[in-house]
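Convention: sequence-line order gives letters A, B, ...; per-chain numbering from 1. Keep in mind it's a predicted model, so treat the numbers as computed, not measured.
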4 protein chains.
Amino acid sequence: MTKRAVKPIDQTKPRWQRQPDARPDQILDAALGVFRAQGFSAARMDDVAKAAGISKGTIYLYFNSKQTLMESLITRAVAPIAQHLNVIAAQAPDGPVTPVLRAMLTFAASNLGQAKASAVPMLVISEAGRFPELARLYRQQVIDIGLGAITGMIKRGINRGEFRKLNPAYAARSMIAPLLMHMVWMNTFVLSEDEPIDLPDMIEQHLDIFLHGAKFRAQPEVSL
Amino acid sequence: MTKRAVKPIDQTKPRWQRQPDARPDQILDAALGVFRAQGFSAARMDDVAKAAGISKGTIYLYFNSKQTLMESLITRAVAPIAQHLNVIAAQAPDGPVTPVLRAMLTFAASNLGQAKASAVPMLVISEAGRFPELARLYRQQVIDIGLGAITGMIKRGINRGEFRKLNPAYAARSMIAPLLMHMVWMNTFVLSEDEPIDLPDMIEQHLDIFLHGAKFRAQPEVSL
Amino acid sequence: MTKRAVKPIDQTKPRWQRQPDARPDQILDAALGVFRAQGFSAARMDDVAKAAGISKGTIYLYFNSKQTLMESLITRAVAPIAQHLNVIAAQAPDGPVTPVLRAMLTFAASNLGQAKASAVPMLVISEAGRFPELARLYRQQVIDIGLGAITGMIKRGINRGEFRKLNPAYAARSMIAPLLMHMVWMNTFVLSEDEPIDLPDMIEQHLDIFLHGAKFRAQPEVSL
Amino acid sequence: MTKRAVKPIDQTKPRWQRQPDARPDQILDAALGVFRAQGFSAARMDDVAKAAGISKGTIYLYFNSKQTLMESLITRAVAPIAQHLNVIAAQAPDGPVTPVLRAMLTFAASNLGQAKASAVPMLVISEAGRFPELARLYRQQVIDIGLGAITGMIKRGINRGEFRKLNPAYAARSMIAPLLMHMVWMNTFVLSEDEPIDLPDMIEQHLDIFLHGAKFRAQPEVSL
DNA sequence: GATGAATGAGGCTTCATTCAT
DNA sequence: AATGAATGAAGCCTCATTCAT
């Protein structure tokens, strides 16, 4: 009496499929979407289930609790990023650092510029108060490595005389900050009527400003 | 949401109207602290009451709901900032924009560098999914004005030939991004064992890089 | 639209009364009734609340959990019994133990014979698997003291030559067992069509058998 | 309870009918162990399955529900006991009843003294509130017959002048109560540090007391 | 027959909100 | 105005039961 028999064709399909291998990722993807849209606390497990196309109980076959879901979400995101950052850092050739830095930031931008990729860091930022452990994990596994690679490259630039004498940690922040800002912006403040931001363009200009501004200056101009 | 008891507060006024006496501010201060520490959803009205040193029921004499509390919190923060930014923008003198921009960013940094001042924007960022209206309000009342002032100043610099031809909106982002990043950092990723960041120092170096990198270049160097 | 206005007279009564002092006992009484009828696990907090004439949430103002409710129930029952048993034991006069034992069992019977008084021990028996701690508490606070007093009295009877040489612990069990059995019986196996058992009569006869059977025999008859 | 799928089991037979092969007994044995340890409600079908070394779904090939499992458990236990009691009662020879009663109680003790044999009656006692039907079944098929046999024998003893004039129903209770008490004790209140109770010894002493106490007395002693 | 993944109703518990005092 | 006891809707989670494999 409650079932609608809209498409008799579908009656041959089973009500559900066994997918023990695919489920965890399927659930995590759904959770990511729901958590992003509503925040962790406000999100209901029912919504996650619905988004994943399964029943509420099934989630608990794969994750012990809502918290575990959140933790797994972040852990899952951390691993590949950390790995990739390490690869990039290891492959940096000798020679001028400017093109390397340009490549690094461009790569990061092409990555975090996508809504899905930035969802996890945004969750980390939003829920850091509730999940300090995960914030720490993300920091150590992702940020420290990424920011560390950039800071190291800047140091090398300074040593080579390519850049003037700068605080490399601060310079690294100056360099990547627009990327973080863009991430926050797109997830928080962007309005539908806004003129869209072309991230590659913005990053290119930012690099242009930054790299020029950072390079060695024989006689510093006065009075900026 | 379905029931709303009649409250002595004048319903025709906006809900975030400041009450004449000190209670509302006392409550909002408490709420800010609790919301920051636990997130909006996880925070309990009991905790807010305890932090304010009053009973739970008393909160409802001044605010209709938990949501209203959040809304009032952000609205209360918006007004003075917007006002102040307007004043600064209006007072900008003619002449070189570089010192003006320097002053603007330095001022903003000295402000948002404090934990309490950054609490509200962090809340907005964290709860944007749940309170898009408030994110919009904050954007329009604070960000658009602040970012607008900076963008305008950069435009003027371009027109004066002080800066080279840049996309001013992007340049403004390049300029203020480290400030936002610092805010996020301090509220999310900072660890107790970190070497502390000296915000004024960082901003000074950032301005040095940025303003040099942005200024007019007779013959652009090739291939950075 | 949902409210029935059956008796306009009652409209003057408040929907609920503040009774912070009376609540805990009120709730425990209700819980006892519900647990007895349905068993602990099968009982729903809703039912307890309904039986207590309050809302479900109110229970949690006074008890942390369903388990706590159970624990409090037993703890509440233990205290007065233990106390009373101690008093009786202390007041036992010197001289023949037979009348003392008779008084003790008669008292216990008049007490545990009532359905309400036996509800807690029956709960303990039923839920011992789930709450071994509570069974231990009941054992030590009630049984050990009560059984101990009887055992001691029997020992005295043996020493005085009033009883023959018996294992006092076993004899004590022989003596009180019908009481326990009656308790179990009334809560488990009694049928409406049964001829009712007159507990005082039964106990009297039991005492008659037991005390005669236990008393000193000059020359034990053979071959029973 | 609302839905019941068609099962290959013949629905016309009583639900507790023993299956031809070994599976049902295997499951019931497992269920008995789990129910005893955790109580009926707290026990999970998963645990029963694990204890039986099969999967959860398999249980439902043999039993329609958790309730049915419980029912079958008790029903299975009832049949052989009732049968055996009947045999004993039928074989009682003429002549003095005292040795017959002694034999009956000793037999019962040697039986119920074992943990496994007492598991079912303990379950009945614990879950009587939830399964009054089964309590009634147990009462009628086991207790009424067993207790009836003893009561009858006592009556005969009275008629023969072996015992004095007693209420036979009460006397039967006086006689068997320590056995029930021992069962409850071992399943509920026994502590590891207790001096162990030697059931045969206790029963022997109890019989000694009881049978002496019950026998005919020419001139009743005064003032017990 | 057997399995165990999947379901979904239902319980305990929390907490924003109400209201008698 | 203030309190805090009381409410009740709603969410997380469990687990008996079903069903595709």
Side-chain angles (χ1 to χ4, degrees), chain A residues 13-21 23 41-49 53-67 69, chain B residues 1-8 21 23 41-49 54-69, chain C residues 13-21 23 41-49 53-67 69, chain D residues 1-8 21 23 41-49 54-69:
Chain A
K13 277 192 202 168
R15 280 198 301 163
W16 43 264
Q17 297 265 330
R18 290 189 170 211
Q19 303 189 23
D21 291 336
R23 284 279 182 255
S41 297
R44 285 175 301 131
M45 291 300 263
D46 263 324
D47 295 336
V48 175
I54 58 175
S55 79
K56 195 170 28 169
T58 301
I59 299 176
Y60 289 89
L61 294 178
Y62 298 94
F63 300 94
N64 288 324
S65 68
K66 199 182 175 189
Q67 274 225 22
L69 204 49
Chain B
M1 279 294 118
T2 47
K3 295 183 278 180
R4 181 161 294 164
V6 178
K7 282 276 151 36
D21 59 28
R23 266 290 142 77
S41 295
R44 285 174 298 139
M45 291 298 263
D46 262 323
D47 295 336
V48 174
I54 58 176
S55 78
K56 193 165 41 164
T58 303
I59 298 176
Y60 286 87
L61 296 176
Y62 297 92
F63 299 92
N64 283 322
S65 70
K66 196 183 177 189
Q67 276 225 21
T68 308
L69 208 48
Chain C
K13 278 194 202 167
R15 279 197 301 164
W16 42 265
Q17 297 266 330
R18 290 190 171 214
Q19 304 189 25
D21 292 335
R23 285 279 182 252
S41 298
R44 286 178 298 132
M45 292 299 263
D46 263 323
D47 295 336
V48 175
I54 58 176
S55 78
K56 196 167 30 168
T58 301
I59 298 176
Y60 288 88
L61 294 178
Y62 298 93
F63 299 93
N64 287 324
S65 68
K66 199 183 175 189
Q67 274 226 22
L69 205 48
Chain D
M1 282 295 118
T2 49
K3 295 182 277 180
R4 180 162 294 166
V6 179
K7 281 279 149 39
D21 59 28
R23 264 291 141 76
S41 297
R44 285 173 299 139
M45 291 299 261
D46 263 323
D47 296 336
V48 175
I54 57 175
S55 78
K56 193 165 39 165
T58 302
I59 298 176
Y60 286 88
L61 295 176
Y62 296 93
F63 300 93
N64 284 322
S65 69
K66 196 184 177 188
Q67 276 224 21
T68 307
L69 208 48

List DNA chain E stems (3 or more consecutive Watson-Crick/G-U pairs, under 3.5 Å)? E:2-21 with F:2-21

Among dT13(E), dA16(F), dT21(F), which is the nearest nucleotide to the side chain of Y60(D)? dA16(F)

Closest listed nucleotide, where the reference is the side chain of K56(A) and the choices are dT18(E), dA9(E), dA16(F): dA9(E)

Whole Å only: how far is the CZ atom of R23(C) from the C1' atom of dT7(F)? 11 Å

Looking at residues at least two apart in the chain, or sitting in another chain, which of them share a salt bridge (charged side-chain N to carboxylate O under 4.0 Å, His left out) with K66(B)? none

Send over the distance from N64(D) CG to dA16(F) C1', rounded to a whole Å. 13 Å

With sequence neighbours excluded, residues passing side chain to side chain donor-acceptor pair (under 3.5 Å) with S41(B): none

List for me each residue that meets side chain to side chain donor-acceptor pair (under 3.5 Å) alongside R18(A), sequence neighbours excluded, and say none if there are none. none

Base dG10(E) paired with R44(C) side chain (donor-acceptor, <3.5 Å): no

Closest to the S55(A) side chain: dA6(E), dC12(F), dC15(F)? dA6(E)

Starting from the 5' end of DNA chain F, give me the residue, K66(D) or S65(A), whose nearest nucleotide shows up first. S65(A)

Sequence neighbours excluded, which residues qualify as side chain to side chain contact (heavy atoms under 4.5 Å, CB included) partners of Y60(A)? M45(A)

Suppose we screen for side chain to side chain contact (heavy atoms under 4.5 Å, CB included). Which residues come up paired with S55(C), at least two apart in sequence or across chains? T58(C)

Separation of I59(B) CD1 from R23(B) CZ (nearest 0.5 Å): 10.5 Å

Just compare dA2(E), dA6(F), dT7(E) and give me whichever is closest to any side-chain atom of T58(D). dA2(E)

From the candidates dT3(F), dT7(E), dC13(F), the one with an atom nearest any side-chain atom of M45(A) is dC13(F)

Quick check for you: among dA5(F), dA2(F), dG1(E), whose closest atom lies nearest to any side-chain atom of L61(C)? dA5(F)

